[in-house]
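In what follows, chains carry the letters A, B, and so on, assigned in the order in which the sequence lines appear, proteins first and then strands, with residues in each chain numbered from 1.
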Amino acid sequence: MLADIGLISLVLGLATAVYAAVASLVGARQGVRGEAWIASARNALVAVWPLLTISCGAMIWMLIAGDFQVEYVASVASREMPVFLKVAALWGGQAGSLLFWSWVAAAFSALVMFRKWGSDKALLPYVIAVSAATEIFFMLLVVFIETPFGKLDFVPQNGSGMNPLLRHAGMVIHPPMLYLGFVGFTIPYAFAMAALISGRLSDEWIHASRRWTLAAWLFLTLGLVLGGRWAYDVLGWGGYWAWDPVENAALIPWLAGTAYLHSVMIQEKRGMLKFWNMALISLTYGLVVLGTFLTRSGIISSVHAFARSAIGPLFFGYIALVSGFSVYWLLRRRAALRAEHRLDSIFSRESAFLVNNFLFIALALTVLYGTLFPLITELFAGEKITLRVGWYNQVTGPQMAAVVLLMGIAPLLSWRRASARRLGRALFLPTLVSILLVVFLILQDVRSLGALIGFGISAFVGLATILEFWQAARARRRTRGESFLVALNRIVVRNRRRYGGYLVHLSIVLMTIGITGSYFYQQETQGALRRGETMTLGGFTILYEGLDEWQEGEEMFVSEATVAVYRDKEQIATLKPRREFYIGHQQPVTIPAVRSTVGEDFYVILVGWEQIGPDQATFKVYLNPLINWLWAGTLMLIVGTLVAAWPSRRARLPVSAAYRPGMILTEKTSIV
Amino acid sequence: MLKRANRDSRRDRRRAGFKWMGAILVLSIVILLPTAAWADDGPTQDEVNAVSRKLFCPVCENTPLDVCPTEACQQWRDVIQTRLVEGQSEQEILDYFAEMYGDSVLAQPPPRQWAAWALPVLFLVLGAAALVFWLRSWTKPVPIAAQVVTEEQIDGNQPHTERLERELTEWE
């Protein structure tokens, strides 16, 4: 019954989206007289959202109630699962994730429809058409290929439950974040295509879609980091990034999207790179679809292989369609996309942005190439060769370091033509400090070149960025006599985009410190301990106190060791690393126990234990220095992005309060 | 009761592991070796891990061998242990696995997979070339007075400066 409601609602949603696409195009063809059609298309696109909400709601209801006759419910849910996991099971399997994905897409499109269109009304019909087309594609998959509403001929007693690896609080938020990020990039793409098709090629499409792009970028970033956090907490290998194909599938569009986020600034400021920006957002969207394809088709095996199926060819067709469509319109409008200005000097902010784009795109292509390498080698050499972490670190490390370094220099270059003397003055202190830091580290016996570069660049960029805040605030304090903190606040509020961006840059510096520390200075050791025996790693000592084993419900066995952690002969923590064994799935899950501080994580894994005989267990222990800087950096990144995306009060001021010639500028009426 | 069920399930898993690796002769030899191979004089677990970390088994998706909890990977680690006892070097053991199962098992691909590096390097070279080309063709010819200043700012651009000077003389 509920399954039928869900399916019917989904099909209605599909039909509505098709109508929205057709009606919007009809309306666009009829010009002024087509307004009614466009209004109707807009309403239809909004209506897809509630329809899919009913569909998802029905599925969630069935997951919670345990309607195991529905095949999808039986495959991802079980009676024993807590409610929040039952809800998360909506995206815990292939068919459900596609349904959820469609819902997210519908939500995004509906929200876009609610914005004030005002002067960019000409873009509206094509934004509707492109958004609807994306929704149609995903709904087609859900209706015809991977429906979660299919029923079994019998009613199983219980479901098999979600993949044990996915039963983690991070699982509840990580996939939705990724989906929001992926789907979010549909919106700027839709605006770009709308601008191309309608021929309204000024910057309005960029302004109109800027916040959506930032939102998509933020969600995608959070999805990536949360995925890393989930791996760190659940997979039990002491790391957070494995260059897994599915991780790469999200990283590649992120790289392209980040390039786009930067290069649109040149177009806004200088009217250049119009063609390139269009191409870049099309590429990002294409990579999003490709990423989904890689994730969902199982064409490249990964730890995420729970998401396999035969939807490959359809995806391939869709990617071809999207690429063809984008390329066609780009070429058709290329004459109108010429730059309004030329570069004044190679030594300028503009060219720094170009170098940024070059690095990001090279990174994206490199990671893409590595991800597809098994397919390529199978095609040309007949043997599937998978590239592993060693290769990825080698080929991406230098470019990443270059990107971070550029982050410190580029914001100091002025537009059009930079002055070497001013740049030198601004960079003097950061350079000096970072050199001193590197010398200090060498004296402290840090010998790894990578670490020296990583920390040196972090110090340089961090300081250069902080100086930007400091100098602006100081200048304002001097002219206005405000206190330093007030001045700091004012400069940020007055130019949210710039200083929000700088905050994001600072957060990347924090993350770089975390990555450098944990990558170059991770220590580990493994050993078997009898009860009462100890093992030492990097100043920490663990004492094995005992092992408990019990069964939890019908579902799993738990083996949990207790170890006391000592430092300088003083007990600082008791950790309980455990191994869960899921009976139904015949799958072990290693849950590490971690003691976290700002300086390092002490991370203990229970590797194995003797079943009979001496009370002995094997532990693997990691010391991950500075890793928490990575997570802290992420929090700062959220703040920075929100600052950059927050609507500024100036834009909301009623016309009467705006500046008129002759008006006296006071603190109240001006600037804020 | 609990212990037994646990043991049973472990046995099932081991059987599944055997099925996977059953065809492999070498491993079946290893299985005959005592599993409690943590002999006092043998290589330490850290030494085994040091090699394992550089390997990925073809079955477990993208999980390095030193942390993979499956039975199949335990057997691979036993192989490494045995070979270390036999006095083989790390490289010899890595070579052995690469020869048996292909280069995919190596965390660091060997130089014979040169194609893996060729394209990334090409991306960089072509990208840099395109960048330089665009920058040059987009830069507008500036008034000569300004050009002198610009050229001074770009350090070490010798041919440029020479050309500029030549042009300046001609102009005069």
Self-check item: Side-chain (A/Arg388) to main-chain (B/Ser104) donor-acceptor, under 3.5 angstrom
Solution: yes
Exercise. Using atom types as modelled and distance alone, determine if a side-chain donor or acceptor of A/Thr366 lies under 3.5 Å from a backbone N or O of B/Phe123.
Key: no
Where does [X] contact chain B at under 4.5 Å (heavy atoms): side chain, backbone, both or neither?
{"X": "A/Tyr622", "answer": "side chain"}
{"X": "A/Leu387", "answer": "side chain"}
{"X": "A/Gln394", "answer": "side chain"}
{"X": "A/Leu273", "answer": "side chain"}
{"X": "A/Val589", "answer": "neither"}
{"X": "A/Val389", "answer": "both"}

Exercise. Begin with the C-alpha distance, continue with both residues' side-chain angles, and end with the deciding distance and a verdict on side chain to side chain contact (heavy atoms under 4.5 Å, CB included) for B/Gln113 and A/Trp391.
Key: CA-CA 11 Å; B/Gln113 295 296 341; A/Trp391 177 85; over 6 Å; no
Between [atom1] of [X] and [atom2] of [Y], what distance do you get to the nearest 0.5 Å?
{"X": "A/Ile346", "Y": "B/Leu135", "atom1": "CD1", "atom2": "CG", "answer": "5.5 Å"}
{"X": "B/Leu124", "Y": "A/Leu363", "atom1": "CG", "atom2": "CG", "answer": "8.5 Å"}
{"X": "B/Leu119", "Y": "A/Ile376", "atom1": "CG", "atom2": "CD1", "answer": "7.5 Å"}

Practice problem: Please lay out, stage by stage, how B/Trp134 and A/Leu343 fare under the test side chain to side chain contact (heavy atoms under 4.5 Å, CB included). | Solution: CA-CA 10 Å; B/Trp134 283 337; A/Leu343 276 182; over 6 Å; no
Quiz item: Got a sec: does the CD of B/Glu99 have more than 12 other heavy atoms crowding it under 6.0 Å?
Solution: no
Quiz item: How far apart are the C-alpha atoms of B/Gln45 and A/Val607, what are their side-chain angles, what is the distance that settles it, and do they pass the side chain to side chain contact (heavy atoms under 4.5 Å, CB included) test?
Solution: CA-CA 11 Å; B/Gln45 295 191 35; A/Val607 176; 5.9 Å; no
Quiz item: Between B/Ala128, B/Pro120, B/Pro64, which residue shows the highest count of heavy-atom pairs closer than 4.5 Å to chain A?
Solution: B/Pro120
Quiz prompt | Contact origin within B/Ala130 toward chain A - heavy atom pairs under 4.5 Å | solution = neither
Quiz item: So what's closer than 4.5 Å to chain A heavy atoms on B/Leu106: side chain, backbone, both or neither?
Solution: backbone
Quiz item: Got B/Asp66 and A/Gln526 here, is their nearest side-chain heavy-atom distance under 4.5 Å?
Solution: no
Quiz item: Looking only at heavy atoms, which two atoms of A/Glu524 and B/Asn49 are closest? And how far apart?
Solution: OE2-CB, 4.2 Å
